[in-house]
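Quick notes on the structure that follows.
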Amino acid sequence: MTDRNVDSFKNFVDRLLKFSDQVSLDCFRLSDGISSWNDEDHDFDVSGWICAALCRGVKEIDLQLDNLGDAPPVLFTCHSLVKLTLEGKGSKLEVPPDVCLGNLKTLWLENWVLFGDSINRLISNCHVLEDLAFTYCCIANTTELTIQSPSLKELVLDFFSEGVGDFNYVLVFNAPNLVYFRYYSKIVDGYTLSNMNSLENADVHIDAFDFEDDETTATRLFSDDEINATRLIQGICNVRSLTLVIDGVIPPTVPFPIFHNLTEFNFYGIEIWLVEFLYCAPNLKTLKFSFSDVAGTRWKTLLTEVPSCLLFHLKEIEMLISCSDRHMISYFLDNAMVLEKLVIKVNGLTATQREKARNKLSQLLKNSKKCQIIIL
């Protein structure tokens with residue numbers, strides 16, 4: 001865009017927002033494309049634009065603040081806002097002490113460093129919040145991050161971003177009406193989850209630390225990871241659908257509760273976690289899984305008794321494993337009494353190899369007469 005066009009655009013927005021009394025706004029967005037125009041020759045008054053939009057009772061604001069300055073403090077005291085999306089640049093999000101977003105229902109923050117006291121204050125002053133998302137964010141300088149909201153229905157916490165943050169804090173949840181929960185993070189120092197009875201769908205991806213300390217310290221911290229990871233899972237035991245990804249060798253130590261409502265389970269991790277879930281999910285109907293370790297050889301040893309979900313409820317299994325893992329496949333065919341579909345995904349097979357694999361598997365005995373074996 002030419003300098004003349006940039007200046008024309010700037011002047012148009014200035015007139016529209018600052019000098020026109022006839023304009024009412026429902027939505028105001030600034031994309032990162034504008035940041036490339038904002039230089040020493042074209043100094044956009046972004047803060048002034050935002051303030052002007054707020055004065056006009058705007059309900060939705062979506063800002064990509066890559067090169068457009070920080071969010072003005074007045075943004076956090078606007079009573080008309082219903083939805084606020086802020087995409088930062090990996091810098092600290094400044095939240096004023098008098099923050100109050102009384103009508104805000106949706107808050108999405110992306111690529112920010114969030115300081116504990118500041119973000120706790122922000123959440124506690126959004127009294128009707130229903131949808132909260134922190135994506136590619138870091139938590140810094142806090143011992144406890146508290147998310148307590150009786151109105152919250154959807155929660156996304158993605159703390160895998162590399163930055164100045166740390167994971168030395170306790171995560172506290174109290175969200176009695178939460179329905180959907182997505183959590184991507186390294187394991188923190190502790191989890192306290194209460195009033196999660198409404199939760200229906202959870203997507204959890206947790207990662208163990210790579211310890212570089214001495215062996216004694218590493219062993220102690222590794223044990224803490226085991227306990228905290230299991231306690232996190234305990235806190236979401238009311239879900240109907242669960243996706244669980246566990247990177248790192250973290251065996252479960254604290255016993256699982258019974259997942260009475262769980263009917264769909266999608267899993268990636270070590271074999272022992274799947275075994276535990278099969279025993280603790282008596283009503284499971286759909287199972288999809290792949291392993292981070294070499295599986296299959298210990299399958300019958302780990303499953304000393306047939307889980308009740310295999311005998312009475314499990315109808316569909318989809319696995320991404322080697323076709324040579326005949327022990328595991330045989331186990332499911334022998335014990336899944338109501339199984340209707342077994343899908344086996346094997347990467348890199350030619351059409352000829354796939355046909356040979358299908359012929360071999362078709363020779364295995366199966367106790368469910370309805371079971372269809374599909375090789376992909």
Side-chain angles (χ1 to χ4, degrees), residues 26-27 29 58-63 75-87 93 95 99-112 114 116 118-137 139 144-161 169-185 188 191-206 231-245 257 259-266 281 283 286:
D26 284 333
C27 179
R29 290 190 177 96
V58 67
K59 294 180 180 179
E60 178 181 345
I61 285 187
D62 184 343
L63 303 176
L75 191 63
F76 298 99
T77 57
C78 178
H79 293 284
S80 66
L81 271 181
V82 175
K83 181 177 181 180
L84 175 60
T85 302
L86 295 178
E87 182 178 338
L93 181 66
V95 179
V99 56
C100 185
L101 295 165
N103 291 305
L104 193 71
K105 292 185 177 182
T106 300
L107 175 61
W108 294 346
L109 302 178
E110 180 176 342
N111 198 15
W112 293 97
L114 308 174
S118 180
I119 205 64
N120 287 338
R121 184 169 62 249
L122 173 60
I123 295 172
S124 63
N125 283 284
C126 298
H127 304 299
V128 296
L129 193 62
E130 296 181 359
D131 186 352
L132 174 63
F134 299 150
T135 56
Y136 305 111
C137 290
I139 303 296
E144 182 177 295
L145 177 63
T146 301
I147 298 177
Q148 180 169 308
S149 175
S151 57
L152 195 63
K153 296 179 180 179
E154 296 189 14
L155 175 61
V156 174
L157 302 177
D158 182 348
F159 295 146
F160 272 142
S161 175
Y169 58 89
V170 175
L171 195 53
V172 179
F173 295 123
N174 188 341
N177 291 301
L178 193 68
V179 176
Y180 174 78
F181 176 44
R182 192 180 89 193
Y183 180 63
Y184 291 6
S185 175
V188 300
Y191 298 92
T192 301
L193 290 81
S194 56
N195 294 327
M196 304 283 278
N197 295 334
S198 296
L199 192 63
E200 294 183 1
N201 192 327
D203 181 359
V204 177
H205 186 158
I206 52 179
R231 285 178 177 167
L232 170 64
I233 303 303
Q234 285 179 321
I236 58 174
C237 64
N238 290 297
V239 292
R240 298 179 184 275
S241 176
L242 174 61
T243 296
L244 179 62
V245 177
F259 287 71
H260 291 285
N261 299 326
L262 189 65
T263 58
E264 298 180 7
F265 185 39
N266 190 348
N283 298 305
T286 302

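Residues: numbered from 1 along the sequence shown.
For the pair N195 (side chain) and N174 (backbone), a donor-acceptor distance under 3.5 Å is absent. Although no hydrogens or angles enter the test, the distance criterion places a donor-acceptor pair under 3.5 Å between the side chain of S151 and the main chain of L129.
The shortest heavy-atom contact between Y136 and E110 is CD1-OE2, 3.9 Å. The two residues F181 and L157 have their closest heavy-atom pair at CE1-CD1, 4.3 Å. Residues H79 and G102 come closest through the heavy atom pair ND1-N, 4.3 Å. In terms of heavy atoms, T263 sits closest to N283 at CG2-O, 3.8 Å. Summarising the geometry of A281 relative to L262, their closest heavy-atom pair is CB-CD2, 4.0 Å, with the distance given to 0.1 Å. Closest approach of M196 to I236, counting heavy atoms only: CE-CG2, 4.5 Å.
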Practice prompt. Please test L122 against F76 for side chain to side chain contact (heavy atoms under 4.5 Å, CB included), starting from the C-alpha separation and ending with a verdict.
Written response: CA-CA 8 Å; L122 173 60; F76 298 99; 4.0 Å; yes
Item to complete: List the steps and the verdict of side chain to side chain contact (heavy atoms under 4.5 Å, CB included) for Y183 and L171.
Response: CA-CA 11 Å; Y183 180 63; L171 195 53; 3.6 Å; yes
Practice prompt. Please test V82 against L104 for side chain to side chain contact (heavy atoms under 4.5 Å, CB included), starting from the C-alpha separation and ending with a verdict.
Written response: CA-CA 4 Å; V82 175; L104 193 71; 5.7 Å; no
Practice prompt. Evaluate side chain to side chain contact (heavy atoms under 4.5 Å, CB included) for N261 paired with V239, printing each intermediate quantity in order.
Written response: CA-CA 6 Å; N261 299 326; V239 292; over 6 Å; no
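Here the straight-line distance linking atom CG of L107 with atom CD1 of I123 works out to 8.0 Å at 0.5 Å rounding. With values rounded to the nearest 0.5 angstrom, T85 atom OG1 is found 8.0 Å from R29 atom CZ. Atoms CG and CG, on L81 and L101 in that order, are 6.5 Å from each other to the nearest 0.5 Å. T243 OG1 to N201 CG: the interatomic distance, rounded to the nearest 0.5 Å, is 7.0 Å. How far OG of S149 is from CZ of F173: 12.5 Å, rounded to the nearest 0.5 Å. Rounded to the nearest 0.5 angstrom, Q234 CD and Y191 OH are separated by 13.0 Å.
In this structure, L84 and T106 have side chains that are not in contact, with every pair of non-hydrogen atoms separated by 4.5 Å or more. Within the 4.5 Å cutoff, the side chain of D158 has no heavy atoms near those of the F134 side chain. Side-chain atoms of W108 and D131, non-hydrogen and from C-beta on, do get closer than 4.5 Å to each other. Looking at V95 and L93, their side chains come closer than 4.5 Å, going by heavy atoms from C-beta outward. Between L145 and V170, every side-chain heavy-atom pair lies at or beyond the 4.5 Å cut-off.
For the 3.5 Å distance criterion, the side chains of T146 and E144 qualify, holding a donor opposite an acceptor.
With a 6.0 Å cutoff to the six-membered ring centre and a 45° limit on the axis angle, R182 counts as a cation-pi contact of Y184.
Checked against the 6.0 Å centroid threshold, F259 and F265 do not count as a close aromatic pair.
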